[in-house]
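Presented below is the structure to which this report refers.
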Number of protein chains: 2
Amino acid sequence: MEEGTSTSPGYCCDTEGEFNDAFQWDAREDCEVRQILDRIADKWSLLVVALLEHRKLRFTELRREIDGISQRMLTVTLRHLERDGLVRRTVHPTVPPRVDYALTPLGVTLHQTVQTLVAWTDANQREIAAARAAYDRREAEFAAAQ
Amino acid sequence: MEEGTSTSPGYCCDTEGEFNDAFQWDAREDCEVRQILDRIADKWSLLVVALLEHRKLRFTELRREIDGISQRMLTVTLRHLERDGLVRRTVHPTVPPRVDYALTPLGVTLHQTVQTLVAWTDANQREIAAARAAYDRREAEFAAAQ
DNA sequence: CCGTATCCCTTGGGATACTG
DNA sequence: CAGTATCCCAAGGGATACGG
């Protein structure tokens, strides 16, 4: 079940917006952007998508490649991605069972899009680290002054 | 404190990668990409950034515009964004106090980057919704067959 | 090999009350 | 107005054990 399907559109149609951004979303929790962002942003999804970029992988292969993931969370993550049409699950009726996972075309486009964000992170991580350090230093000085 | 500062680099340096992606990240939890993704993916950050795109806003103005946010979470979110150098907080020493928030140049570039993700979501929400519906239908049929 | 089921702990985040 | 401080609950996710 898990909803996410039958809720109202949620994406903000620009009703008399004072600023005409190309995109603008509202604050509702059932917003489509939120739904999908939550998927993208959970602890493991992007890692799975990244690993599947160029190749099919079996369950156990994914498990080995993703350091620290529990069996449960790998299953849950894969099911979510499959439900969203981002990953295709193929079961080979052999014994012992063999299941492999691959990106769908939609999954590939998501991966490409996410790369721009990763690129941004890569380009700005030093600046962010510096900002954090500066903030923490100011905070420490302030605390010391008390 | 809150770490995030002193941990090891965490971003995968491409040591003998069999696939030479432009970007590739490892599975470590302290990965820089994760750190920053966690920030942009939390419940309110992007909403705040979006609202600040073109204008400064005061604390209460943000609170009014973001439907459903608690006072506590607005404070926490703003502090995080400020610490990361994405938002600048300006206190006017008047009485009653006046504080306003604006994006830094870095914050502006983040916002722009995120827009590509929002655009992807916008372009593909129907396909995702359809995939979910199909998945749920198959699941329901399977359950009925039991 | 590929999962599901259960238990349990940690974290995110809402409600409320209080301060400079 | 612009926050802090406290309490508390629900969801996320790890560990473990079992099943087809």
Side-chain angles (χ1 to χ4, degrees), chain A residues 1-4 27-30 34-35 37-48 56-83 87-102 139 142-143 146, chain B residues 1-4 27-30 34-35 37-48 56-83 87-102 139 142-143 146:
Chain A
M1 295 303 133
E2 290 190 41
E3 41 251 83
R28 280 176 288 168
E29 299 202 341
D30 59 346
R34 270 254 71 85
Q35 300 272 340
L37 204 64
D38 285 347
R39 179 81 351 109
I40 292 176
D42 70 15
K43 198 171 178 185
W44 304 109
S45 291
L46 281 189
L47 222 30
V48 171
K56 299 180 162 188
L57 286 176
R58 303 177 57 175
F59 187 87
T60 317
E61 290 170 341
L62 281 167
R63 188 153 155 60
R64 261 199 307 271
E65 295 238 31
I66 305 178
D67 182 59
I69 196 172
S70 63
Q71 202 165 6
R72 178 179 173 277
M73 286 316 296
L74 181 54
T75 305
V76 171
T77 303
L78 286 168
R79 289 293 179 281
H80 282 160
L81 293 172
E82 188 193 0
R83 189 172 104 103
V87 158
R88 177 169 29 248
R89 176 171 180 266
T90 313
V91 184
H92 301 92
T94 61
V95 48
R98 178 190 180 93
V99 179
D100 48 37
Y101 295 90
E139 204 181 38
F142 179 76
Q146 297 311 73
Chain B
M1 296 302 133
E2 290 191 40
E3 38 250 85
R28 279 177 288 168
E29 299 202 342
D30 60 347
R34 270 254 70 84
Q35 301 272 339
L37 204 63
D38 286 349
R39 179 82 351 110
I40 73 159
D42 69 15
K43 198 171 178 184
W44 304 109
S45 291
L46 282 188
L47 223 30
V48 170
K56 299 180 163 191
L57 287 176
R58 304 178 57 176
F59 187 88
T60 318
E61 290 169 341
L62 280 167
R63 187 152 156 63
R64 260 198 308 270
E65 296 238 29
I66 305 178
D67 182 58
I69 196 171
S70 64
Q71 201 165 8
R72 179 179 171 279
M73 285 317 297
L74 181 54
T75 304
V76 172
T77 302
L78 286 168
R79 289 293 180 280
H80 281 161
L81 292 172
E82 188 193 0
R83 189 172 104 102
V87 157
R88 177 168 30 249
R89 176 171 180 268
T90 312
V91 184
H92 300 93
T94 60
V95 48
R98 178 190 181 94
V99 179
D100 48 36
Y101 294 90
E139 204 181 39
F142 180 76
Q146 298 312 70

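Proteins get letters first, then strands, A, B, ... in listed order; numbering begins at 1 in each.
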Rounded to whole angstrom units, what separation is found between the CG atom of A/D42 and the C1' atom of D/dG14?
15 Å
Of B/T60 and B/R72, whose closest DNA chain D nucleotide lies nearer the 5' terminus?
B/T60
So what does A/R63 touch, heavy atoms closer than 4.0 Å: a base, only the sugar-phosphate, or nothing?
nothing
Gap between atoms CZ and C1', on B/R98 and D/dG3 respectively (whole Å)
16 Å
Per A/V99 side chain, nearest of listed nucleotides C/dG14, C/dG3, D/dC1:
C/dG3
Which heavy atom in A/L74 sits nearest to a heavy atom in A/F59, and how many Å separate them?
CD2-O, 3.6 Å
Establish, with yes or no, whether the OP1 or OP2 oxygen of C/dG3 is under 4.0 angstrom from a side-chain nitrogen or oxygen of A/Y101.
yes
Atom NZ of A/K56 and atom C1' of C/dC2: how far apart are they, to the nearest Å?
17 Å
With B/S45 as partner, the option from B/L78, B/V87, B/D38, B/T77 fulfilling side chain to side chain contact (heavy atoms under 4.5 Å, CB included) is B/T77
Considering every strand and a 4.0 Å limit on heavy-atom distances, what is the contact class for B/R58: base, sugar-phosphate, or nothing?
sugar-phosphate
Where the side chain of A/M73 is defined as all heavy atoms beyond and including C-beta, which of C/dG3, D/dG14, C/dC1 is the nearest nucleotide?
D/dG14
Checking all strands, does A/T75 fall into the base, sugar-phosphate, or nothing category for heavy-atom contacts under 4.0 angstrom?
base
Would you mind reading off the distance between B/R39 atom CZ and C/dG13 atom C1', rounded to a whole angstrom?
14 Å
Side-chain heavy-atom pair B/H92, B/D100 within 4.5 angstrom cut-off:
yes
Just checking B/R79: does its CZ atom have more than 12 heavy atoms from other residues, nucleotides or ligands closer to it than 6.0 angstrom?
yes
If you pin B/S70 and A/L78 to their nearest nucleotides in DNA chain C, which one's is more 5'?
A/L78
Between D/dG3 atom P and B/L74 atom CG, what is the distance in whole Å?
8 Å
Phosphate contact (C/dC2 OP1 or OP2) by A/R89 side-chain N/O below 4.0 Å
no
Any side-chain N or O of B/R79 under 4.0 Å from OP1/OP2 of D/dT4?
yes
Rounded to whole Å, CD of A/E82 lies from P of C/dC2 at a distance of 15 Å
Here's a test of your reading of the structure: between A/P97 and A/I69, which maps to the more 5' nucleotide of DNA chain D?
A/I69
Using 0.5 Å steps for rounding, measure from the OG1 atom of A/T60 to the CZ atom of A/R98.
9.5 Å
B/I66 CD1 to C/dG13 P, in whole Å, measures 13 Å
Atom CG of B/D38 and atom C1' of D/dG13 are separated, to the nearest Å, by 13 Å
